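Just so we're on the same page: letters track the sequence lines, and every chain starts at 1. Please read these numbers as outputs of a predicted model, since none were measured by experiment.
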2 protein chains.
Amino acid sequence: MARKPPTKPRKNASQARSRATVDALVEATARILVREGFEKASTNRIAEIAGVSVGSLYQYFPSKEALVVIDRHNDEIMQIVRAAFVEVADMPIEKAVRRLVTVAIEAHHIDPDLHRVLAEQIPRSGRLAEVEAFNHEVDGLVRAYLESHRKEMRKIDPGLAAFMCVSAIEAVAHNTVLNPAEMLSEKMVRTLVDETTRMVVGYLR
Amino acid sequence: MARKPPTKPRKNASQARSRATVDALVEATARILVREGFEKASTNRIAEIAGVSVGSLYQYFPSKEALVVIDRHNDEIMQIVRAAFVEVADMPIEKAVRRLVTVAIEAHHIDPDLHRVLAEQIPRSGRLAEVEAFNHEVDGLVRAYLESHRKEMRKIDPGLAAFMCVSAIEAVAHNTVLNPAEMLSEKMVRTLVDETTRMVVGYLR
DNA sequence: AGGAAAAGCGAGCGAATACTCGCATTATAT
DNA sequence: ATATAATGCGAGTATTCGCTCGCTTTTCCT
């Protein structure tokens, strides 16, 4: 007794075909979210757009929420951010901040529409925890950098400073993405990087 | 002909009883949004909590979205903000910024839970326009202040400066509300006001 | 008092949704 | 070649939701 459940391990994709199915579903979800919004993203519709049946959908995703693939986007951004912190570790504040601000704005621009939609939908797809983990890691990285560069700064609690810096940088990057057109020109981006760097560096000194 | 529609003007509340009904509905909506989230806020449930029938609900609100009373909250905040700008108009930058930052944080704390829920739900209840109008007005006020205090500042485009300042201040206020407990202590609020003021003033000089 | 307008009621309609289940098709292994 | 597992299917189920409509009750006005 206690045999292995023979059919339907109920989840993982092992063959090539099924992996393609999963990809199609994820991409279809992202497409619908971006082009038509969350309301239109019903499971039936997602399956239809993916060229797959609802049944297959539920073989790989236990619920509708599981389809909202915040992870992919977050991981992509987080990898860039981590790399940036490594690169920046020994730089003086001014250069480091400039680089980090640039990365933050660039990261927000990877897929602006998807970013916007995901940011809006986070609260309703129990993914709050993941996003908090993301924020927490960023906070930790900033804090670590600040602590190891204390001598270049005024006396200030690193936790507090990290909160302020992350808030300010994130806000500029986020608001930049939200704005429609001309916020995105090369020149404007450079200006925004300059200004944000100035604000943050000025604050830390 | 062209008589006034005799029964059911389909909307306004003239008697005291009906005004109470409207209030009950609005309050019930806010309560459910805060305590149980948007998903649970069905029209039937709202009516039930308000102690009113669905039919009555639709006498005063043409759709579910109309019940999400962003206006009330926004108006309340906007009034405080406008008053603050009047009060601040002739102050030097340092004092003005400190006052405005204080007001921003206080405004976010009026009803933190409601504020959070509304912020999350804005995208799905066609109220984006109203919120943009709100942001636009704030931006205008900041810009006007900055323009009339140009001599105290370094040379900088007032539009850009307004964008940066509003982003930074709003982010700190917003993130403060999101954080759970100790962010709200008297002492912490004062510290945050100090830090944000320092950041913004330092940036403008 | 009595008639008319305003306010309130709530069962129920149609549409949509998330998800299941029994079966068909395709791949893998021997 | 054949058995077995993996994958795919989609009509159907149960539920929920926004909203309507015919009716009753309350208030207002003279």
Distance-minimising heavy-atom pair for A96(B) and Y145(B):
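Heavy atoms only, the tightest pair is CB-OH, 3.1 Å.
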Can you tell me how far [atom2] of [N] sits from [atom1] of [X], to the nearest Å?
X: E48(B); N: dG8(C); atom1: CD; atom2: P; result: 18 Å
X: L67(A); N: dA18(C); atom1: CG; atom2: C1'; result: 12 Å
X: L57(A); N: dT7(D); atom1: CG; atom2: P; result: 15 Å
X: N44(B); N: dG12(C); atom1: CG; atom2: C1'; result: 11 Å
X: I46(A); N: dA18(C); atom1: CD1; atom2: C1'; result: 11 Å
X: Y58(B); N: dT20(D); atom1: OH; atom2: P; result: 7 Å
X: F61(A); N: dT7(D); atom1: CZ; atom2: P; result: 13 Å
X: E39(A); N: dA15(C); atom1: CD; atom2: P; result: 20 Å

Aromatic ring pairing H73(A)/H115(A), orientation class (parallel under 30°, perpendicular over 60°, tilted between):
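H73(A) vs H115(A) ring planes: tilted.
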When you match S53(A) and V54(B) each to their closest nucleotide on DNA chain D, which lands nearer the 5' end?
S53(A)
Is there a side-chain polar atom (N or O) of [X] under 4.0 Å from OP1 or OP2 of [N]?
X: S56(A); N: dC9(D); value: yes
X: T43(A); N: dC19(C); value: no
X: T21(B); N: dG8(C); value: yes

If you check the [X] side chain, which of [options] turns out closest?
X: R17(A); options: dC19(C), dC9(D), dT26(C); value: dT26(C)
X: Q15(B); options: dC9(D), dC19(D), dC28(D); value: dC28(D)
X: S42(A); options: dC9(D), dG8(C), dT17(C); value: dT17(C)
X: Q59(B); options: dG8(D), dC9(C), dC19(D); value: dC9(C)

Could you walk me through whether E27(B) and R31(B) pass the salt bridge (Lys or Arg N to Asp or Glu O under 4.0 Å) check?
CA-CA 6 Å; E27(B) 269 163 46; R31(B) 257 185 60 153; over 6 Å; no
salt_bridge(R72(A), D23(A)) N-O dist < 4.0 Å:
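A salt bridge links R72(A) with D23(A).
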Identify whether the distance between the nearest side-chain nitrogen and carboxylate oxygen of R35(A) and D113(A) falls below 4.0 Å.
no
In terms of the nearest nucleotide of DNA chain C, which residue is placed more toward the 5' end: G55(B) or A16(B)?
A16(B)
